[in-house]
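Below, each value reflects all heavy atoms present in this structure, side chains not excepted, and no hydrogens, waters or symmetry copies.
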Amino acid sequence: MVGGTWQSTASDRQWFVSVPKAAAAMVVLPVFLQAPWVRVHPFSATLFTALLVAIGVVLNRSDNQQKADFGSLIIGFSGSWLAGCVFWGWLRAHPVLHLPVEAFALPLALAGFGTRWRLASAFYLSSLVGTAFTDLMMAVTGVMRFWPGVVTASMDTAPQLLHEAGLHLLHPLPLTALVLAASSIVWLAGTLSKRETAVFKSNDTLSMSAAVLMTTLWVDGLFLLAAVVQPGLSGLIE
């Protein structure tokens with residue numbers, strides 16, 4: 001302590017987990033919190049967006065850089081959270097609307113790269129790219145045709161329909177498409193990690209984007225595994 005105040009140390013800046021790890025956790029959070037919440041009460045889950053934004057703004061104004069970065073991440077996450085609530089709460093039977101709804105904040109995210117909300121923009125855009133990969137593969141492999149039936153079916157029939165959709169992906173052509181898509185995500189994530197310091201002053205933006213993409217890949221893989229082995233654990237059906 002100097003002059004009655006605590007000096008900032010390196011350990012003070014490690015109070016929060018790293019930005020990439022925090023971003024990865026935010027990608028997983030909707031699976032465990034948002035999915036069941038939206039099924040029970042979509043309106044309150046949607047209103048929760050306001051609290052996320054408030055927390056993000058307060059943290060982002062902190063003098064502690066790590067807290068400020070975490071606040072920016074929460075702002076980016078709030079955009080994905082709001083889109084997820086709207087789609088899964090009221091539009092879930094219309095898969096063609098999934099990506100457009102998720103992309104509602106795209107203009108704001110693109111504009112935010114030149115501001116203090118760079119991490120927020122990068123998180124939102126990375127999540128959107130992951131969603132685009134997922135939806136594209138669902139369309140290419142023919143799984144999207146199962147979607148409306150699965151999400152609107154009764155508890156008695158939904159698990160079987162989801163299981164059939166999962167088995168459909170285990171054929172040679174769908175598997176080839178999935179492997180190519182997964183390889184593309186791994187390549188993109190690796191490229192972002194290598195180029196982070198060359199593009200941004202902060203060395204967290206691109207590594208965070210890479211973490212979001214890789215976590216999205218893991219979540220999709222676990223979802224496919226659940227659909228084949230135990231459909232009731234997937235979180236998609238009620």
V40 vs P36 side-chain heavy atoms within contact, under 4.5 Å: no

W88 side chain vs A83 backbone, donor-acceptor pair below 3.5 Å: no

N/O donor-acceptor pair under 3.5 Å between S209 side chain and T205 backbone: yes

Single-linkage hydrophobic cluster, 4.5 Å side-chain cutoff, L33 and V53 together: no

Working for side chain to side chain contact (heavy atoms under 4.5 Å, CB included), residues F223 and L162: CA-CA 11 Å; F223 178 84; L162 184 57; 4.2 Å; yes

Side chains of F123 and V212 in contact at under 4.5 Å (non-hydrogen atoms): yes

Hphob cluster co-occupancy, V57 + M26, side-chain heavy atoms under 4.5 angstrom: no

Side chain E102, main chain T131, donor-acceptor under 3.5 Å: no

Nearest heavy atoms of T216 and G130, plus distance in Å: CG2-CA, 4.0 Å

Cluster check Y124, V86: I/L/V/M/F/W/Y, side chain < 4.5 angstrom: yes

Donor-acceptor contact present, side-chain T141 to main-chain P174, <3.5 Å: no

Exceeds 12 heavy-atom contacts within 6.0 angstrom, atom CG of L173: no

Distance-only side-chain donor-acceptor flag, W37 / S44, under 3.5 Å: yes

Shortest non-hydrogen separation from T46 to C85 and the atoms involved: OG1-CB, 3.4 Å

Joint cluster assignment, L128 & L91, ILVMFWY side-chain distance < 4.5 Å: yes

ILVMFWY cluster, L99 and L125 together (side-chain gap under 4.5 Å): yes

Closest approach of P30 to V27 (non-hydrogen atoms, all atoms of both residues): CD-O, 3.3 Å

Validation row: V28, V219 side chains within 4.5 angstrom (heavy atoms): yes

Side-chain (W147) to main-chain (R92) donor-acceptor, under 3.5 angstrom: yes

Flag side-chain contact, heavy atom, 4.5 Å: L29 against F77: yes

Pair Q160-T157, side chain to side chain contact (heavy atoms under 4.5 Å, CB included): steps then yes or no: CA-CA 6 Å; Q160 180 58 34; T157 59; 5.8 Å; no

Test item: side-chain donor near acceptor, N60 and S72, under 3.5 Å: no

Side-chain donor or acceptor of H171 paired with backbone N/O of H168 under 3.5 Å: yes

Within-4.5 Å side-chain heavy-atom neighbours: M208 and D69: no

Minimal non-hydrogen separation, P20 against D204, with atom names: CD-OD1, 4.2 Å

Closest approach of P42 to G89 (non-hydrogen atoms, all atoms of both residues): CB-CA, 3.7 Å

Heavy-atom closest contact (F87 atom, L97 atom, distance): CE1-C, 4.0 Å

Any side-chain heavy-atom pair of F146 and L161 under 4.5 Å: no

Minimum side-chain heavy-atom gap F133-L217 below 4.5 Å: no

Minimum side-chain heavy-atom gap L192-S207 below 4.5 Å: no

M137/L178 under side chain to side chain contact (heavy atoms under 4.5 Å, CB included): CA gap, chis, key distance, verdict: CA-CA 7 Å; M137 285 302 99; L178 291 178; 4.0 Å; yes

Polar side-chain atom of R118 near backbone of T115 as donor-acceptor pair, under 3.5 Å: no

